[in-house]
Amino acid sequence: MKLKHGSFLWYLYLDKLYCLLSVRNVRALMEYFHLLDVHRNNTLNDVLFYHFLRHVTDLRRTQIMTIFNMLDWNAVGEIGFDQFYMLVCILLAQENHLEEQFIFRHSRPVFELLDLDGERRIGVNNFNLYSFLFNIKKQELRELYHDFDITGDCRLNYKEFKLFTIFSMDKYQKRQKAGKEDKEKSLFRKKLSQINRSFLGLAVSQTRGGHAQVGAPELDTGLNGRRHGDTRTDSTDEQQQ
Amino acid sequence: MLGPTGAPGRPPVLSLGRGSGSVRPAILTADRTPPGVKSSRRGARSALSLQEDIRNLWTTATLSQSKLDVPLSNVCELSDMEISSVGSKTGGPRKGGHDSDVGWDESDDKDSFKQEMDEQTSLKLELDRGSSRGSSRLGEEYKTETDKSSSLSSISASKQTPHRAYWMEQQNRLPLPLLELMESEALEVLTKALRSYRSEIGRDHVLTQQLHRYIEGLKRHRNKRTHIPAH
């Protein structure tokens, strides 16, 4: 899922630690919601919701209606600002690659959203239905149920789900760390190679003509086109002879 | 769908803010006034109240001395902090044979701190002397000192107040480019929604007409705003 470049939501951002909007962003979002609230019910019906998501994201119709059914937890055919806010946070988390952090920070609301039947357990099919929202692939989902379904009922209760969020958060942090270390290493290597090159240049220029010249050896030529090493004086030639 | 307590309910909403006891987004009550009128009214009301508050803040930027309550100790602390921050950032000119930046910064801070201490002790001494000589003399000296302190504090307050006024303005109002972006985007979404309404429930339906009126109102409001700067 990608947000449309230059759309209003595209300009919003989540706090990276708590995965929430700032108060100013929420205020702006409320204004936006009220612009879309045509019928003055403080809600958006399915048609308005569909056109809104279609306009700002690249989601398909089936995905949009799936999201609507998930958010319309009272089954009234409309969603209020609370649900709208949650949706925006989920979309922004995906846009900014903060899915693991978002699920970790808000494990309870996410669990409640995915628990469509209200049985306090999430089945594989339900999770699969909404996996596109949190960027979870099928293989990862299978591994999730394999590793964290401790009770063995092929469903995740809240504790098992929470464990999963902790592990995925841990993995995410390790990935971030590894990424940082790789960057630092490559920077360090670049600097080292630069230093080595400059030292080599100095050393080569010194061994050639006794002139302390700074620069790459291949550029070590004089105005007459001859290399500096060749411009020996008569005295040095006689000495060598 | 049942909530965690077994009663019909909805999942807990994401909490705003950084703690567990955080603020939920407030849901405004429904309003039957047409969108153009409502937004202009809302805008006018908020603009008026804003102007009053912000005007007060901006005018207090040039406060008289009597209205200031910043004690001298705070002013001295501020100046100390500024000096230390400048010292740490710039490092100052290097003295000959002085190796470490830290040592230079520390000596710089020490000098400034000494100066401040000297000023304060001299103030105290003068006050003590004044008490021994007579109350009127003390009063005069105290007045001059308080004038100095209040002038210092007025400078610091004047630095702070315009910033406060600026941020208050920013807090209470959405920037115009953002409003324009929101309105134009909402207009596009609602125009497409209107086509769906017409095809699914018909042109004569109440909701279709309501949406149509709303879109017209929004367009007029947007045109008014874009034409005003032109004229």
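Atoms considered below: every heavy atom in the structure, side chains included; atoms not considered: hydrogens, waters and symmetry mates. The structure presented is a predicted model; accordingly, all values stated were derived computationally and were not measured. Chain identifiers are assigned alphabetically (A, B, ...) following the order of the sequence lines, protein sequences preceding nucleic acid strands; residue numbering begins at 1 within each chain.
- Within the 4.5 angstrom heavy-atom criterion, atoms from both the backbone and the side chain of B:L207 approach chain A.
- Contact of A:Y158 with chain B is not made at all, since no heavy-atom distance falls under 4.5 Å.
- Between the side chains of A:T151 and A:E160, at least one donor-acceptor pair of N or O atoms lies under 3.5 Å.
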Evaluate side-chain contact (heavy atoms from CB on, under 4.5 Å) for A:F81 paired with A:D37, printing each intermediate quantity in order.
CA-CA 10 Å; A:F81 183 75; A:D37 175 25; over 6 Å; no
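- Interface summary for chain A: among B:E183, B:E200, B:E188, B:E185, the most heavy-atom pairs under 4.5 angstrom belong to B:E185.
- The aromatic rings of A:F148 and A:F164 sit perpendicular, their planes meeting at an angle over 60°, well past the 30° parallel limit.
- Contacts between B:L181 and chain A at a heavy-atom distance below 4.5 Å involve the side chain alone, from C-beta outward.
- The ring of A:H106 has its center no closer than 6.0 angstrom to the ring center of A:Y85.
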